[in-house]
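These notes are about the structure you will find just below.
This is a predicted model, so every value here is computed, not measured. Scope of the values below: all heavy atoms of this structure, side chains included, with no hydrogens, waters or symmetry mates.
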Amino acid sequence: MSDHSIAPVADGASVADASAAPAAPATPVSAASGPASAPVVPVAAYEPPYYAVVFTSVKTEEGGRDGVAGGYGETNERMEELVGKIPGYLGMDYAGSPGGLSITVGYFRDADAVEEWRTNAEHRAAQKRGRAEWYERYSLHVAKVERSHRFEREHG
């Protein structure tokens with residue numbers, strides 16, 4: 001596992017302008033888990049390279065397209081808790097469509113962190129249950145992020 005820190009890229013800055021100060025992993029509020037009144041904030045743009053794991057899914061009717069039936073909600077909360085403990089985990093973004101398509105993107109400092117998450121015993125059990133009960137279909141993509149920047153409108 002890499003022992004270098006990854007700092008978020010400053011607002012409106014390119015990666016060459018990024019701060020060298022380490023940053024704590026972001027825990028954005030997602031549509032699936034956060035309070036309705038909390039602002040939705042995307043995961044910060046980090047100094048590359050790092051990894052993005054993109055999980056795109058459609059749930060079964062039995063799995064509950066709303067994400068709460070059949071134990072899915074509790075399992076999802078537990079997975080968010082577990083992944084947050086992995087050294088090298090940077091944060092997660094989530095989006096869902098009214099038609100039932102869900103996209104979750106997890107960000108990791110290095111391939112070792114991705115592998116630790118992939119092979120976590122509780123995560124493997126949740127994957128097995130997901131294939132058996134909750135998912136009609138899904139796809140998984142692991143990508144190395146080579147460029148990253150962010151923008152945030154200043155208010156006031």
Side-chain angles (χ1 to χ4, degrees), residues 1-59 63 67-68 71-97 101-135 137-152:
M1 181 179 307
S2 171
D3 60 357
H4 70 281
S5 335
I6 294 183
V9 175
D11 287 342
S14 70
V15 293
D17 300 326
S19 164
T27 307
V29 173
S30 72
S33 64
S37 62
V40 175
V41 178
V43 171
Y46 286 91
E47 179 69 34
Y50 57 96
Y51 286 82
V53 177
V54 183
F55 180 72
T56 305
S57 65
V58 176
K59 291 184 192 77
V68 295
Y72 181 87
E74 296 85 5
T75 302
N76 186 56
E77 286 179 22
R78 176 65 180 151
M79 294 303 103
E80 287 182 20
E81 178 185 328
L82 280 176
V83 73
K85 294 178 181 178
I86 291 179
Y89 171 71
L90 301 173
M92 178 183 0
D93 288 322
Y94 169 83
S97 74
L101 182 71
S102 297
I103 301 171
T104 302
V105 183
Y107 301 95
F108 298 85
R109 178 184 318 138
D110 52 39
D112 290 342
V114 173
E115 183 65 9
E116 185 173 339
W117 177 234
R118 186 185 76 79
T119 60
N120 176 281
E122 273 189 77
H123 184 215
R124 299 294 287 182
Q127 290 171 344
K128 185 176 180 180
R129 188 169 178 199
R131 285 188 297 273
E133 299 176 39
W134 300 318
Y135 296 113
R137 63 186 52 89
Y138 67 80
S139 60
L140 180 76
H141 310 276
V142 179
K144 188 173 187 179
V145 176
E146 296 181 1
R147 185 172 146 221
S148 188
H149 66 276
R150 71 179 186 179
F151 165 81
E152 186 170 336

Test your reading of the model: is there a side-chain donor-acceptor pair from H141 to the backbone of V54, 3.5 Å cut-off? no

Under 4.5 Å between any side-chain heavy atoms of R129 and T75, yes or no? yes

Could you grab the distance from atom CG of L140 to atom CD of Q127, nearest 0.5 Å is fine? 8.0 Å

Would you call E81 and K85 a salt bridge, taking side-chain N to carboxylate O under 4.0 Å as the test? yes

In short, V83 meets M92 closest at the heavy-atom pair CG1-CE, 4.4 Å

Kindly compute the distance separating OG (S57) from CG (L101), expressed to the nearest 0.5 Å. 7.0 Å

Heavy-atom closest contact (W117 atom, H123 atom, distance): O-ND1, 2.7 Å

What closest approach, in Å, do S148 and Y50 show between heavy atoms, and which atom pair accounts for it? OG-OH, 2.8 Å

What are the two closest heavy atoms between P87 and A113, and how far apart are they? O-CB, 3.5 Å

Checking D93 side chain against V43 main chain: does a donor-acceptor pair fall under 3.5 Å? yes

Is the ring pair W134/Y72 parallel, tilted or perpendicular, if the boundaries are 30 and 60 degrees? perpendicular

To the nearest 0.5 Å, atom CD of E80 lies from atom OH of Y89 at 7.0 Å

Minimum heavy-atom distance R124-R118, with the two atoms named: CD-O, 2.9 Å

State, with a plain yes or no, whether a side-chain heavy atom of F108 is found less than 4.5 Å away from one of E115. no

Ignoring hydrogens, what is the shortest heavy-atom contact between V142 and Y51? Give both atom names and the distance. CG1-CD2, 4.2 Å

